[in-house]
Amino acid sequence: LILQHHGVVCYMILWQKFVKFLYAFCFSASYINITNLSVSGHRMRHYKPVIWMILTATISEVRLTGGVGPWEGTVEVYTDGSWGTLCDYDFDLKDARVVCRMLGFGREIQFFPLAKFGQGVGKSLFSYLSCSGNEQNIGSCGYRKSTCSHSQDVGISCVRTNRLETTEGIRLIGGTGPYEGTVELNVNGQWGTICDTNFDKHDADVVCRMAGYTRAIQAFSNAHFGHGNGSSMLYNVHCSGNEDHLDSCGSNGWFSSTCTHDNDAGVACLDSGRKSISQGVQFVGGTGPHEGTVEINVNGEWGTICGSYFDMNDAEVICRMAGYSRALQAYSNAHFGPGNGSVILSTLKCSGNENIVDSCGSDGWYKTGTCAHSTDAGVVCLRNANKYTTEGIRLVGGAGPFEGRVELNINGQWGTICDNSFDLPDAEVICKMAGYSSALQSFTTGHFGVGAGPIYLDSLQCSGHERHLDSCASSGLFKISSSCQHSDDVGVACLSGNRTDVVQGVRLVGGFKQWEGRVELKVNGQWDTICGYSSGFDIDDAKVICRMAGLSTSGKVQVFPNAYFGRGTGPVLLSGLTCAGHEDNIDSCGSDGWYKTGSYCGHQYDVGVSCPDDNPFG
């Protein structure tokens, strides 16, 4: 649409309903030309037209007045021999871009209505400026003759150099180093801040990139690092995070913020060329470098992890970061004492397979809420590359290495097991670990004496087929009931050697003949007796004993209770024996269990037998 050409003035006719087509007619002193410009292909002749005159002018000069420098102020234009102003009606950044270009500046920053820089001189000349932004002179833009007063004079701010970026500099103040703090931007030599409305990690990434850092660790609001200087320059920034400059991000525009410095945004950036935020991990307060309160190094400073929701999956990743093969336990509530620096992570959500906590979910770095050092997380890691948790096992306080109080060596320290739910299947696994074929019995309540050091395990639930306690369910290493004391230490008796039969021999002691006497069984190289309390031993049991001793069972077999042949020594091995009489070995008989003889079974109840006298001894 030609607005002015060789003295021709054009009028644009718009209908007051949906514009389906457009009429324009132009006239000069010599002719009138009516042009019908169809938009939709339909003529709409029955609507009342409204006529707007679209004008152009020759603008020979432009200047900005009332600002702090020639790059900002009220726009004044020189045309037809006099200066005048522009009305702010429909004035936008595209119009400002052309004005800044005319002045030789790199780009526009913002426009300001309502005579922000003061009222200009002359008349308000033009309104409804309609630049595309590509023009070299606003005289090439369409406009209308202004009826505005100077109270509506428009002002603009340009980048004072020929650079394309708005900012001349960026700095972070109030932090512990140049990599963190309240964000301040230098625009035309003046420092100002960013309002925190909708300011997030994506925005912080761009800020950190502008400041020369690799990436952002966290975004902060509410003047976390203190109040900044100057004015609040930007508001409602929304970056994707991939931009190189804030100019490429959406926002409400420069200098459009009404925020106070209480809402200044801040960032923490990664201070080197590293991609990982965490630059090291250490444990403090433990018995060695493999355990303690977790401290992570970020930007050269050590800080801790909040123990809320901290679990074994998180501990696995922490131990892996520290160079250990696996975690043994996770702790909260400053189990090893409070750490140093700030609490820098909370609500860690690792799967356990990550190599670094950067890859785990969390509330975000420094987003720790009300967490204090009283909630610091701690870990115990396996200090060597062993497949299993324990470095050793021993049985202490028994008659030989095959029995006693169970002690486990973990990270070089011996400790015990609490007896809650401890039973024979648990003992089976322990005996296998100790190198024995099977367990004879499990013991509770410090049967072999009380141990020292930590109590490592509680509520063991082995099936008996496992090769190691690591495969058994339990309350977890170090996770013991508050009621567990060393008086609750467990013990076991294992079958020594590679035998499958428990009894390695039987003899009759104290009788008048070789086929009669007190019954003694050899188990693990030691001779011990059987309890016959309250008719707990009968003829069927005696027949099996005679058969095991190599004596006849075809004649009269007798039972003699109550230490008839004298009292034995050593442990009382069995009570409650229930043989059918045809067994070849009492291992096949029912009983209360090896060593499970009760406090009432003393040697005064040792049983004796008399086998038939038609025996091999003649």
Q: Let me check something: any side-chain donor-acceptor pairs from residues 395-405 under 3.5 Å, sequence neighbours excluded? List them with distances.
A:
residue : atom : partner : partner atom : Å
E403    : OE2  : A399    : N            : 2.8
R405    : NE   : E407    : OE2          : 3.0
R405    : NH1  : F448    : O            : 3.2
R405    : NH1  : G449    : O            : 3.2
R405    : NH2  : E407    : OE2          : 3.0

Q: Could you go through residues 424-435 and list every donor-acceptor pair under 3.5 Å that involves a side-chain atom there, pairing it with any protein atom two or more places apart or in another chain?
A:
residue : atom : partner : partner atom : Å
D426    : OD1  : C462    : N            : 2.8
D426    : OD2  : D423    : N            : 3.0
E428    : OE1  : A439    : N            : 3.3
K432    : NZ   : G464    : O            : 2.8

Q: Does either side chain, that of R567 or that of T529, offer a donor lying less than 3.5 Å from an acceptor on the other one?
A: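 No, because no side-chain N or O of R567 sits under 3.5 Å from a partner of the opposite role on T529.
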Q: Checking R518 side chain against G566 main chain: does a donor-acceptor pair fall under 3.5 Å?
A: yes
Q: Taking side chain as C-beta onward, heavy atoms only, is F310 less than 4.5 Å from Y331?
A: no
Q: Within the distance-only criterion (no hydrogens, no angle test), does the side chain of N585 pair as donor or acceptor with the backbone N or O of D587 below 3.5 angstrom?
A: yes
Q: Treating N562 as the side-chain partner and Y564 as the backbone partner, does any N or O pair qualify as donor plus acceptor under 3.5 Å?
A: no
Q: For the residue pair L573 and W527, establish whether any side-chain heavy-atom pair is separated by less than 4.5 Å.
A: no
Q: Below 4.0 angstrom, N of the basic side chain to O of the carboxylate: do D538 and K543 qualify?
A: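 No, D538 and K543 are not salt-bridged.
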Q: Over all heavy atoms of both residues, which pair between F565 and G517 is shortest? Give the atoms and the distance, please.
A: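 Here F565 and G517 meet closest at CD1-C, 3.3 Å.
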Q: Looking only at atom types and distance, does a side-chain atom of E180 sit under 3.5 Å from a main-chain N or O of T176, one as donor and one as acceptor?
A: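 Between the backbone of T176 and the side chain of E180 there is a qualifying donor-acceptor contact (under 3.5 Å).
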Q: Is there a donor-acceptor pair under 3.5 Å between the side chain of T375 and the backbone N or O of C306?
A: no
Q: Could you tell me whether the side chain of L172 reaches within less than 4.5 Å of the side chain of C269, counting heavy atoms only?
A: yes
Q: Report yes or no: does N299 contribute a side-chain atom to a donor-acceptor pair with the main-chain N or O of D271 at less than 3.5 Å?
A: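 Yes, because the side chain of N299 sits within donor-acceptor range (under 3.5 Å) of the backbone of D271.
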Q: Kindly indicate, with the supporting measurements, whether the criterion side chain to side chain contact (heavy atoms under 4.5 Å, CB included) is fulfilled by D264 and D196.
A: CA-CA 6 Å; D264 282 347; D196 61 11; over 6 Å; no
Q: Quick one: do Y309 and L348 satisfy side chain to side chain contact (heavy atoms under 4.5 Å, CB included)? Show the steps, please.
A: CA-CA 7 Å; Y309 304 104; L348 205 56; over 6 Å; no
Q: Measure the spacing between CG of D470 and CG of L382 and express it to the nearest 0.5 Å.
A: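 D470 atom CG to L382 atom CG measures 8.5 Å (nearest 0.5 Å).
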Q: Could you note down all residue pairs passing ring-ring contact (aromatic ring centres under 6.0 Å, His included) where residues 279-303 supplies at least one of them, sequence neighbours left out?
A: none
Q: Given side chains that start at C-beta, do those of V284 and E295 come closer than 4.5 Å, heavy atoms only?
A: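 Of all side-chain heavy-atom pairs linking E295 with V284, at least one is under 4.5 Å.
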Q: Just by modelled atom types, is the N297 backbone N or O under 3.5 Å from a matching donor or acceptor in the E301 side chain?
A: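 It does not hold such a pair.
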Q: R320: what forms a side chain to side chain donor-acceptor pair (under 3.5 Å) with it, not counting sequence neighbours?
A: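 Scan of R320 (side chain to side chain donor-acceptor pair (under 3.5 Å), adjacent residues dropped) gives none.
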Q: What residues, two or more places apart in sequence or in another chain, satisfy side chain to side chain donor-acceptor pair (under 3.5 Å) together with H582?
A: none
Q: Working to the nearest 0.5 Å, report the span between CG of L477 and CD1 of I455.
A: 13.0 Å
Q: Which residue pairs pass the side chain to side chain donor-acceptor pair (under 3.5 Å) test with at least one member in residues 354-372, sequence neighbours excluded?
A: S278-D358, S346-D363, T347-D363, S351-E354
Q: Locate the shortest heavy-atom distance separating I545 from L508; write the atom from each residue and the value.
A: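 That closest heavy-atom pairing would be CG2-CD2, 4.3 Å.
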Q: Can you give me the closest heavy-atom contact between N340 and T304, atom names plus distance?
A: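 Smallest heavy-atom distance, with atoms named: O-CG2, 3.7 Å.
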Q: Quick check: do V267 and V207 have side-chain heavy atoms less than 4.5 Å from each other?
A: yes
Q: Under the side chain to side chain donor-acceptor pair (under 3.5 Å) rule, what pairs show up with a residue in residues 453-464, not counting sequence neighbours?
A: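 Side chain to side chain donor-acceptor pair (under 3.5 Å) check on residues 453-464 returns N420-D458, S463-E466.
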Q: Do the side chains of R383 and E391 get close enough for a salt bridge, i.e. N-O under 4.0 angstrom?
A: yes
Q: List the steps and the verdict of salt bridge (Lys or Arg N to Asp or Glu O under 4.0 Å) for K349 and D311.
A: CA-CA 9 Å; K349 301 173 184 175; D311 60 18; over 6 Å; no
Q: Please determine whether a side-chain nitrogen of the Lys or Arg among R209 and D205 lies less than 4.0 Å from a carboxylate oxygen of the Asp or Glu.
A: no
Q: Quiz question: by atom type and distance under 3.5 Å, do the side chains of H227 and D262 form a donor-acceptor pair?
A: yes
Q: With sequence neighbours left out, what residues match T578 under side chain to side chain donor-acceptor pair (under 3.5 Å)?
A: none
Q: Which residues pass the side chain to side chain donor-acceptor pair (under 3.5 Å) test with S240, not counting sequence neighbours?
A: E243
Q: Any heavy-atom pair between the side chains of L469 and I417 that's under 4.5 Å?
A: yes
Q: How long is the span from the OH atom in Y324 to the CD atom in E316, to the nearest 0.5 Å?
A: 14.5 Å
Q: Do C319 and V379 make a side-chain contact, defined as non-hydrogen atoms from C-beta onward lying under 4.5 Å apart?
A: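 When only atoms from C-beta onward are counted, V379 and C319 do touch, with a gap below 4.5 Å.
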Q: Side-chain contact test, heavy atoms from C-beta onward, threshold under 4.5 Å: evaluate it for L457 versus V490 and give yes or no.
A: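 No - every pair of side-chain heavy atoms lies 4.5 Å or more apart.
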Q: Side chain of T597, backbone of C601: donor and acceptor closer than 3.5 Å?
A: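 No; zero donor-acceptor contacts below 3.5 Å.
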Q: Specify the closest pair of heavy atoms between G286 and F336, including all atoms of both residues, with the distance to one decimal.
A: CA-CD2, 3.9 Å
Q: Rounded to the nearest 0.5 Å, what separation is found between the SG atom of C418 and the CG atom of D489?
A: 8.0 Å
Q: Assess the residue pair T389 and R326 against the criterion (side chain to side chain contact (heavy atoms under 4.5 Å, CB included)); give the C-alpha distance rounded to whole Å, side-chain angles, the decisive distance to 0.1 Å, and a yes or no.
A: CA-CA 9 Å; T389 302; R326 56 176 288 201; 3.2 Å; yes
Q: Donor-acceptor pair, distance only, cut-off 3.5 Å: does the side chain of D419 make one with the backbone of T445?
A: yes
Q: Would I217 and V298 satisfy side chain to side chain contact (heavy atoms under 4.5 Å, CB included), going step by step from the backbone distance to the final call?
A: CA-CA 9 Å; I217 297 174; V298 176; 3.6 Å; yes
Q: Might you point out which heavy atoms bring I173 and F225 nearest each other, and give the distance in Å?
A: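 Minimum heavy-atom separation between I173 and F225: O-CB, 3.8 Å.
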Q: Show every side chain to side chain donor-acceptor pair (under 3.5 Å) that has at least one partner inside residues 212-224, sequence neighbours left out.
A: none
Q: Looking at S496, is its backbone amide N or carbonyl O close enough to the side chain of N524 to form a donor-acceptor pair, meaning the two atoms are under 3.5 Å apart?
A: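 The answer is yes, because a donor-acceptor pair under 3.5 Å joins these two groups.
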Q: Which atom names give the shortest non-hydrogen contact between V572 and I530, and what distance separates them?
A: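 Scanning both residues, the minimum pair turns out to be CG1-C, 4.1 Å.
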Q: What pairs meet the disulfide (SG to SG under 2.5 Å) rule with one or both residues in residues 326-359, with sequence neighbours excluded?
A: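 Sorted result for residues 326-359: C350-C360.
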Q: Quick one: which residue pairs count as a ring-ring contact (aromatic ring centres under 6.0 Å, His included) with a foot in residues 369-393, not counting sequence neighbours?
A: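 The answer is Y388-H468.
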